Amino acid sequence: MTGRGHRLVTFMAVGGTTGSPLAAVFSLMGAALPDTLERFFPRRTRNRYHRKFTHWFVPWLLLALFCFYRAQWNLPSVAVLMGGGEGALWSCVAFWLMGALMHILEDACCGKVPLLNPMRRSFGVHLFHMSSEMGEMSAGEMAFSLVVVLLSLAAWVKQGIML
Ligand SMILES: [Zn+2]
């Protein structure tokens, strides 16, 4: 999936599920993390390691759970954050990591990501195909993103975020 698709889908879906705009913003910031990490690999190894251990859900999930635990499972709120609440900070970091987890889930909708072995892409479905142009959204990706955005939008409205 393209970076744009990841950010859009993650932001909308997390906002719609949690009802917390702050959670949505932090997950948006983490939505490209697994691909961003790959940019630090030497160029010649990038293809070999693409969508492998950076796209393995286990370390992201463990780190996110640790942060949620430190946040006492609370959603981040601007009021608590402004009041200097340490829990809110942990909660923001947890949603930043959730953005990376969402990224992996989204990649699993249009290809394979690792499940048990971080060096083997073995889990995922082909709901749509990616464009062959780097960074361009394919028609399938647009349709997929649109469906998620519309469903999330309904959830946002239902949660009263927009009203
Ligand atoms: Zn990716």
Side-chain angles (χ1 to χ4, degrees), residues 1-71 75-76 89-153 155-156:
M1 208 163 171
T2 61
R4 244 176 305 160
H6 279 302
R7 289 190 183 91
L8 181 66
V9 166
T10 301
F11 176 78
M12 291 304 295
V14 169
T17 350
T18 60
S20 161
L22 202 57
V25 167
F26 273 89
S27 66
L28 174 135
M29 292 198 289
L33 269 182
D35 286 349
T36 308
L37 281 182
E38 289 184 0
R39 289 203 206 122
F40 293 101
F41 297 170
R43 199 172 282 274
R44 64 194 156 75
T45 63
R46 253 179 239 172
N47 268 345
R48 201 180 339 147
Y49 294 126
H50 180 52
R51 279 191 179 180
K52 287 187 177 159
F53 55 88
T54 54
H55 286 59
W56 192 37
F57 72 99
V58 175
W60 297 110
L61 182 65
L62 290 177
L63 283 171
L65 285 176
F66 173 74
C67 295
F68 276 123
Y69 167 74
R70 292 303 307 259
L75 286 171
L89 214 57
W90 281 107
S91 188
C92 290
V93 179
F95 276 97
W96 183 60
L97 295 162
M98 278 302 291
L101 278 165
M102 289 288 292
H103 175 114
I104 296 169
L105 194 67
E106 289 149 17
D107 273 351
C109 291
C110 58
K112 302 254 188 229
V113 293
L115 189 60
L116 295 176
N117 177 353
M119 287 311 286
R120 249 195 76 216
R121 290 183 290 236
S122 57
F123 169 75
V125 286
H126 273 287
L127 283 183
F128 57 88
H129 287 282
M130 296 285 298
S131 165
S132 52
E133 288 292 316
M134 175 89 169
E136 188 190 84
M137 282 176 109
S138 67
E141 184 180 343
M142 273 192 218
F144 174 82
S145 305
L146 188 67
V147 170
V148 177
V149 165
L150 289 178
L151 287 175
S152 306
L153 210 54
W156 279 69

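When a ligand or atom number is given, it counts from 1 through the structure's own listing order. Note that this is a predicted model, so its numbers are computed, not measured. Atom set for the values below is all heavy atoms of this structure, side chains included, hydrogens, waters and symmetry mates excluded.
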Margin query: Quick check for you: to the nearest 0.5 Å, what is the distance between Leu97 atom CG and Phe68 atom CZ?
Written below: 8.5 Å
Check: For the atom pair CE (Met1) and CZ (Phe128), what is the distance rounded to the nearest 0.5 Å?
Finding: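 Spacing of CE (Met1) from CZ (Phe128) equals 4.5 Å.
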Notebook entry, point to check: Do the side chain of Trp56 and the main chain of Arg120 share a donor and acceptor less than 3.5 angstrom apart?
Noted result: no
Checklist line | Sidechain-backbone polar pair: Trp156 side chain, Met12 backbone, donor-acceptor under 3.5 Å | finding: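 A pair under 3.5 Å: yes.
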Notebook entry, point to check: Does any pair with a residue in residues 106-127 pass ring-ring contact (aromatic ring centres under 6.0 Å, His included), and if so which ones, sequence neighbours excluded?
Noted result: His126-His129
Next item on the list: Mind telling me whether Phe41 and Tyr49 have parallel, tilted or perpendicular rings, with 30° and 60° as the class edges?
Entry: perpendicular
Checklist line | Protein N, O or S atoms lying under 2.8 Å from the Zn ion (ligand 1), listed by chain and number | finding: Asp35 OD1, His55 NE2, His103 NE2, Asp107 OD2
